[in-house]
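Excluded from the calculations below are hydrogen atoms, water molecules and symmetry mates; all remaining heavy atoms, backbone and side chain alike, are included. Residues take their numbers from the sequence shown, with the count starting at 1.
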Amino acid sequence: MNILLAEDDSRLGELIVHMLKKKANYQVDWVMTGNDACDYALASHYDVLIMDWMMPDGNGVDACRKLRKSGYSGAVLMLTAKDALEDRIEGLDAGADDYLIKPFEIAELLARIRALSRRNYAPITEEVVHFQDIKLFRTGFSVQKGVVTIQLTPREFQLLDLLAHNKGQVLTREVILDRIWGYDADVSAKIVDATIKLLRKKLEPFGSEELIQSIRGVGYKLEG
């Protein structure tokens, strides 16, 4: 399961990320502002977005409202110290699917994530992404051209999905590393180059050698 955590408290954020990975083996991306939460949520697929109510650039309710207006249909779990009824109603009216009052136990957080993941949400925005004559299927981690279908690993798929979402734009290695592996990941930018190499090799049956272009000294882009 892919989780996006938006939490500006570094100690709590580290704890939540650690426990979600340790207890449930979830893939977790962690951001610390509402704007970053919106950017990440709209650029990639997440099963659940965990959003803190209070953020340094506004609040989670505003970010949730912005996401819903942008067409985001994923599950949103709001973390809040506000337990008044009117506050909870405000969060739900803004588009949150559930809320959890601080302080909370990790076991309850995991249970609420599981419950949200079982709900029947609307289809993911742009579930099938088209670029050139290639289709990218976000729910199946696969790409298709004509009658040829190629299965990708989750990392390869996330990288191609990110490039497709930003087709025509140059993405630096640092941006790709941050978006796919997370800014706190203990890996170097070289892993981006290695994943691009594997991705290009897998896409060879498409005859699209120049599909992913290298921008020397900067990063990569996908031609639109």
Side-chain angles (χ1 to χ4, degrees), residues 1-21 23-24 26-129 138-139 158 161-162 165-166 178-180 182-184:
M1 191 181 298
N2 291 323
I3 306 294
L4 176 61
L5 170 66
E7 171 60 66
D8 67 314
D9 184 321
S10 58
R11 292 182 62 184
L12 179 58
E14 288 177 1
L15 175 62
I16 292 175
V17 170
H18 174 73
M19 296 307 292
L20 291 182
K21 290 181 177 181
K23 296 289 187 179
Y26 292 155
Q27 172 65 42
V28 185
D29 289 334
W30 174 26
V31 297
M32 303 181 76
T33 69
N35 286 332
D36 282 346
C38 291
D39 290 343
Y40 273 61
L42 294 174
S44 302
H45 166 59
Y46 294 96
D47 297 287
V48 178
L49 164 56
I50 304 172
M51 178 86 74
D52 186 28
W53 184 291
M54 299 303 297
M55 305 291 273
D57 56 346
N59 62 53
V61 171
D62 291 335
C64 185
R65 189 176 289 113
K66 178 180 177 181
L67 280 170
R68 294 310 189 197
K69 286 182 179 179
S70 299
Y72 183 74
S73 60
V76 178
L77 171 62
M78 193 75 69
L79 302 181
T80 177
K82 298 173 178 288
D83 59 357
L85 177 60
E86 56 269 26
D87 292 321
R88 284 178 273 170
I89 291 174
E90 182 183 2
L92 294 172
D93 283 345
D97 299 288
D98 197 0
Y99 60 87
L100 188 57
I101 303 298
K102 296 179 179 179
F104 54 83
E105 297 292 333
I106 293 295
E108 184 178 5
L109 174 62
L110 291 171
R112 289 179 182 266
I113 291 173
R114 290 194 297 270
L116 285 172
S117 70
R118 290 194 295 268
R119 294 185 186 177
N120 184 25
Y121 289 94
I124 302 164
T125 302
E126 291 188 315
E127 182 176 342
V128 180
V129 179
R138 284 178 167 166
T139 56
Q158 285 179 309
D161 189 20
L162 179 63
H165 190 83
N166 297 277
D178 180 29
R179 292 296 181 91
I180 304 301
Y183 77 92
D184 60 337

Should [X] and [Y] count as side-chain neighbours, where that means a heavy-atom distance under 4.5 Å?
X: Val31; Y: Leu5; result: no
X: Met55; Y: Asn35; result: no
X: Ile106; Y: Leu20; result: no
X: Leu49; Y: Tyr40; result: no
X: Asp47; Y: Tyr26; result: no

Working to the nearest 0.5 angstrom, can you tell me the gap between [X] [atom1] and [Y] [atom2]?
X: Trp30; Y: Ile3; atom1: CH2; atom2: CD1; value: 15.5 Å
X: Asp62; Y: Leu67; atom1: CG; atom2: CG; value: 11.0 Å
X: Lys102; Y: Met54; atom1: NZ; atom2: CE; value: 9.5 Å
X: Ile16; Y: Arg11; atom1: CD1; atom2: CZ; value: 13.0 Å
X: Met19; Y: Glu105; atom1: CE; atom2: CD; value: 10.0 Å

message = Taking side-chain contact (heavy atoms from CB on, under 4.5 Å) as the criterion, tell me which of Leu4, Leu109, Leu100 meets it with Ile50.
response =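 The side-chain contact (heavy atoms from CB on, under 4.5 Å) with Ile50 is passed solely by Leu109 among Leu4, Leu109, Leu100.
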ask   = Got more than 12 heavy atoms from elsewhere within 6.0 Å of NZ, Lys23?
value =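 Incorrect, the count does not exceed 12.
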task = Test Arg112 against Val48 for side-chain contact (heavy atoms from CB on, under 4.5 Å), laying out the working first.
result = CA-CA 10 Å; Arg112 289 179 182 266; Val48 178; over 6 Å; no
key: From CA spacing to verdict: side-chain contact (heavy atoms from CB on, under 4.5 Å), Asp52, Asp9   = CA-CA 9 Å; Asp52 186 28; Asp9 184 321; 5.9 Å; no
request  = Taking all non-hydrogen atoms of both residues into account, name the closest pair between Met51 and Gly60 and its distance.
outcome  =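 What the structure gives for the nearest pair is CG-CA, 3.6 Å.
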Heavy-atom pair with the smallest gap, counting every atom of Ala75 and Leu116 =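 So the two residues come closest at CB-CB, 4.1 Å.
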query = Is it true that the side chains of Tyr46 and Asp29 contain a donor and an acceptor less than 3.5 Å apart?
reply =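 There is such a pair (donor and acceptor under 3.5 Å, judged by atom type) between the side chains of Tyr46 and Asp29.
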ask   = Taking NZ, NE, NH1 and NH2 as the nitrogens, is one of them in Asp97 or Arg68 under 4.0 Å from a carboxylate oxygen of the other?
value =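 A salt bridge is present here (some side-chain N lies under 4.0 Å from a carboxylate O).
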